[in-house]
Amino acid sequence: MKRIGILTSGGDAPGMNAAVRSAVRTGISMGMEVYGIKRGYEGLLDGEIERMQWQSVGDILQRGGTILRTARSERFRTEEGRKHGVNILETFGIEGLVVIGGDGSFRGGSELAALGITVMGVPGTIDNDLAYTDYTIGFDTAVNTVLSMISNLRDTASAHERTTIVEVMGRECGDIALYSGLAGGADVILLPEMEFDINSVCRRVLRGQQSGKLHSIIVKAEGVEISSHQLAETVQERTGREARAVVPGYIQRGGTPTGRDRMLASMMAARAIKLLYDDEESKAIGTCNDEIIAYDLEEALSMKKHFRADLYEIAETLA
Ligand SMILES: Nc1ncnc2c1ncn2[C@@H]1O[C@H](COP(=O)(O)OP(=O)(O)O)[C@@H](O)[C@H]1O
Ligand SMILES: O=P(O)(O)OC[C@H]1O[C@](O)(COP(=O)(O)O)[C@@H](O)[C@@H]1O
Ligand SMILES: [Mg+2]
C-alpha cells in the first residue's frame with residue numbers, strides 16, 4: 001500500500017501524539033505517502049486532509065492531546081455519511097487508514113472496512129475499555145494523574161479528618177478507578193462493573209475510623225449510579241465524619257504521556273503501518289503480556305472485557 005491516512009477520534013488520550021509521530025515516520029521510512037486527517041471522522045467528511053512530512057510530527061512525542069485534533073461525529077454514524085467518507089478517501093487516493101481512538105472509533109472503522117477501506121485500529125483512550133488488549137494508550141498516564149491527585153487529597157483529608165470521594169472517568173469501564181484505587185490505597189473503590197451498596201460503603205468508612213484512620217478515600221468511577229455529591233452527603237450523615245467530593249474531570253485526560261504510554265504508542269502505531277505496508281486485512285493492534293499483538297478488527301470488537309476481580313480483591317484486602 002502506497003498512500004495512507006491517519007486520524008485520531010473520540011476522547012483524546014495522552015500518547016495519541018506519540019502514536020501519530022510513530023505512524024508518520026514509520027510510513028515515510030517505508031516509502032509511503034502519509035496523510036493526516038483532521039478532527040477524526042468529522043474532518044474526514046469535510047475533506048480536511050493534508051500530506052504529512054517527517055518534520056510535521058517534530059516536538060510532539062511528549063505532548064498530551066492530539067495535533068490532528070479529535071471529534072465525535074454524528075454524521076459518520078449514518079450510512080450516507082460513511083459512504084461520503086469513502087468517496088473522500090478515494091478522491092485523495094487513500095487506500096488504508098490508521099484510526100487512533102477508542103471502542104466507538106473502532107466500530108466506525110469496522111464500518112469503513114465493510115466498505116472496502118483497510119483500517120488498522122490503534123487503541124487510544126484513557127478508559128482501557130477494549131477487551132482484546134491488556135492496555136490502551138493513555139490509560140497509564142490517566143492513572144498516574146489520578147494517583148498524584150489522591151496523594152494531595154490524602155494530605156488535606158488527614159489534616160481535617162475527612163472522607164474524600166474522588167470521581168474518576170469511566171462510564172462503563174471502571175479500570176481507572178480500579179487501578180488508581182488499588183495503587184492509591186483507597187478505602188473503597190466503586191465500579192460500574194459491581195453492584196453499588198451504600199451500606200457496605202459506610203461500613204468500610206466506619207471500620208477505618210474505628211481503627212484509627214485519620215481519613216478515608218473513596219474512588220468512584222463516573223459510571224456508578226449515585227452522584228459523588230449525593231454520596232458525600234449520605235456518607236457524612238451516616239458516619240458522622242465530614243465528607244467532600246472532588247471531580248477532577250478533564251484534568252485526568254491531559255498532560256505529558258508516561259514513558260509506558262509513549263512506548264505503547266510508538267510500538268503499536270509502527271505495527272499498524274507495517275500491516276498496511278504488507279497489505280494485510282483490517283486489524284486491531286494491542287498488547288498482551290508485553291508483546292504487540294494484532295487481531296482481526298471484527299474479532300477484537302466482539303470480545304468481552306474480563307473484569308479483574310483479582311485486583312479488586314487485593315485492593316479490598318489492603319484497604
Ligand atoms: N457504531 C458506530 N458506527 C459508526 N461510527 C461510529 C460508531 N460508534 C462510534 N462511531 C464514530 O466514532 C466516533 C468516536 O466514538 P466515541 O465512542 O465517541 O469515542 P471512542 O472512540 O473514544 O470510544 C463517534 O463520534 C462516531 O463518529
Ligand atoms: O469528552 P466528553 O464528550 O465529555 O466525554 C467524556 C468521556 O470521554 C472519556 O474521557 C474517554 O472516553 P472515550 O475514549 O470513549 O472517548 C470517558 O472517560 C468519559 O466518560
Ligand atoms: Mg469509548
Side-chain angles (χ1 to χ4, degrees), residues 7-16 19 37-46 48 64-66 68-86 88 97-115 117 119-133 135-143 145-146 166-180 191-193 219-225 227-228 247-255 261 265 282 284-286 297-298 300-303 305:
L7 60 82
T8 50
S9 166
D12 62 302
M16 276 186 163
I37 301 167
K38 298 274 169 70
R39 296 168 47 242
Y41 296 127
E42 194 65 9
L44 167 64
L45 300 187
D46 290 334
E48 292 183 57
T66 158
L68 290 178
R69 304 206 292 279
T70 185
R72 302 193 199 269
S73 172
E74 281 313 309
R75 283 189 287 162
F76 193 77
R77 288 180 183 273
T78 66
E79 206 181 325
E80 197 192 341
R82 290 191 295 274
K83 282 190 177 149
H84 178 58
V86 172
I88 300 269
L97 273 189
V98 176
V99 170
I100 305 166
D103 58 334
S105 304
F106 277 31
R107 283 202 172 86
S110 95
E111 297 281 355
L112 269 185
L115 296 173
I117 304 292
V119 174
M120 298 300 168
V122 172
T125 168
I126 63 167
D127 284 8
N128 206 37
D129 57 355
L130 284 156
Y132 75 91
T133 180
Y135 296 105
T136 58
I137 298 162
F139 172 67
D140 186 59
T141 307
V143 167
T145 302
V146 172
V166 192
E167 180 179 304
V168 302
M169 279 184 164
R171 281 195 196 114
E172 270 140 46
C173 174
D175 276 15
I176 298 179
L178 179 59
Y179 283 63
S180 63
L191 307 168
E193 292 91 343
V219 178
K220 171 189 145 356
E222 66 174 326
V224 173
E225 67 215 56
S227 88
S228 292
V247 184
Y250 297 107
I251 295 171
Q252 66 204 291
R253 222 160 72 181
D261 276 333
S282 297
I285 323 301
L297 185 57
E298 280 301 315
L301 281 172
S302 70
M303 292 182 186
K305 188 155 164 86

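These numbers come from the heavy atoms of this one structure, side chains and all, not from hydrogens, waters or symmetry mates. When a ligand or atom number is given, it counts from 1 through the structure's own listing order.
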Nearest neighbour in protein (non-hydrogen) for [atom]:
atom	value
atom 12 (O) of ligand 2	D127 OD2, 3.2 Å
atom 19 (O) of ligand 1	R72 NH1, 3.2 Å
atom 21 (O) of ligand 1	S105 OG, 2.5 Å
atom 14 (O) of ligand 2	T125 OG1, 2.6 Å
atom 10 (O) of ligand 2	R253 NH1, 2.9 Å
atom 13 (C) of ligand 1	S9 OG, 3.8 Å
atom 5 (O) of ligand 2	R72 NH2, 3.0 Å
atom 23 (O) of ligand 1	D103 OD1, 2.6 Å
atom 5 (N) of ligand 1	G108 CA, 3.3 Å

Does the pair [X]/[Y] count as a salt bridge with the N-to-O cut at 4.0 Å?
X	Y	answer
E74	R77	yes
D129	K305	no
E111	R107	no

Can you sort out which atoms of ligand 1 are near [X], meaning under 4.0 Å from one of its heavy atoms?
X	result
G102	20 (P), 21 (O), 22 (O), 23 (O)
G10	14 (C), 19 (O), 20 (P), 22 (O)
G11	22 (O)

Quiz prompt | Sub-4.5 Å side-chain heavy-atom contact between S110 and V119 | solution =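 S110 vs V119: side chains apart.
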
Quiz item: Quick one: does D127's side chain get under 4.5 Å of D103's, heavy atoms only?
Solution: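 Not in contact.
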
Find the distance between [atom1] ([X]) and [atom2] ([Y]) and round it off to the nearest 0.5 Å.
X	Y	atom1	atom2	answer
D12	L68	CG	CG	12.0 Å
S9	R72	OG	CZ	8.0 Å
Y135	D175	OH	CG	8.5 Å
L115	E79	CG	CD	7.0 Å
L112	S282	CG	OG	9.0 Å

Self-check item: Identity of the nearest option to atom 8 (N) of ligand 1, non-hydrogen atoms only, from G124, G109, G104
Solution: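 The residue whose heavy atom sits nearest atom 8 (N) of ligand 1 is G104.
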
Quiz item: Heavy-atom distance to atom 1 (N) of ligand 1: which of E74, R75, R107, R82 wins?
Solution: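 The nearest heavy atom belongs to R107.
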
Please list, in number order, the atoms of ligand 2 under 4.0 Å from a heavy atom of [X].
X	answer
E222	17 (C), 18 (O), 19 (C), 20 (O)
M169	10 (O), 18 (O)
Y250	1 (O), 2 (P), 4 (O)
G170	18 (O)

Exercise. Return yes when at least one N/O/S atom of D103 is nearer than 2.8 Å to the Mg ion (ligand 3), and no when none is.
Key: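 Coordinating: yes.
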
Quiz item: Has the side chain of E222 got a donor or acceptor atom that lies under 3.5 Å from a matching backbone atom of G170?
Solution: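 Yes; at least one donor-acceptor contact below 3.5 Å.
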
Quiz item: Would one find an N or O of S73, backbone or side chain, under 3.5 Å from an N or O of ligand 1?
Solution: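 Checking ligand 1 against S73, an N or O pair does fall under 3.5 Å apart.
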
Quiz item: Is the closest N or O pair between E111 and ligand 1 shorter than 3.5 Å?
Solution: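 There is no such contact.
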
Exercise. Check I88 against L45 and note the closest heavy-atom contact, atom names and distance.
Key: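 Where I88 meets L45 most closely, the heavy atoms are CD1-O, 3.9 Å.
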
Self-check item: Any N or O of G11 closer than 3.5 Å to N or O of ligand 2
Solution: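 The answer is yes, given that G11 and ligand 2 share an N or O pair closer than 3.5 Å.
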
Self-check item: Aromatic plane relationship, Y179 with F139 - under 30° parallel, 30 to 60° tilted, over 60° perpendicular
Solution: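 The arrangement is perpendicular - the two ring planes meet at more than 60°.
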
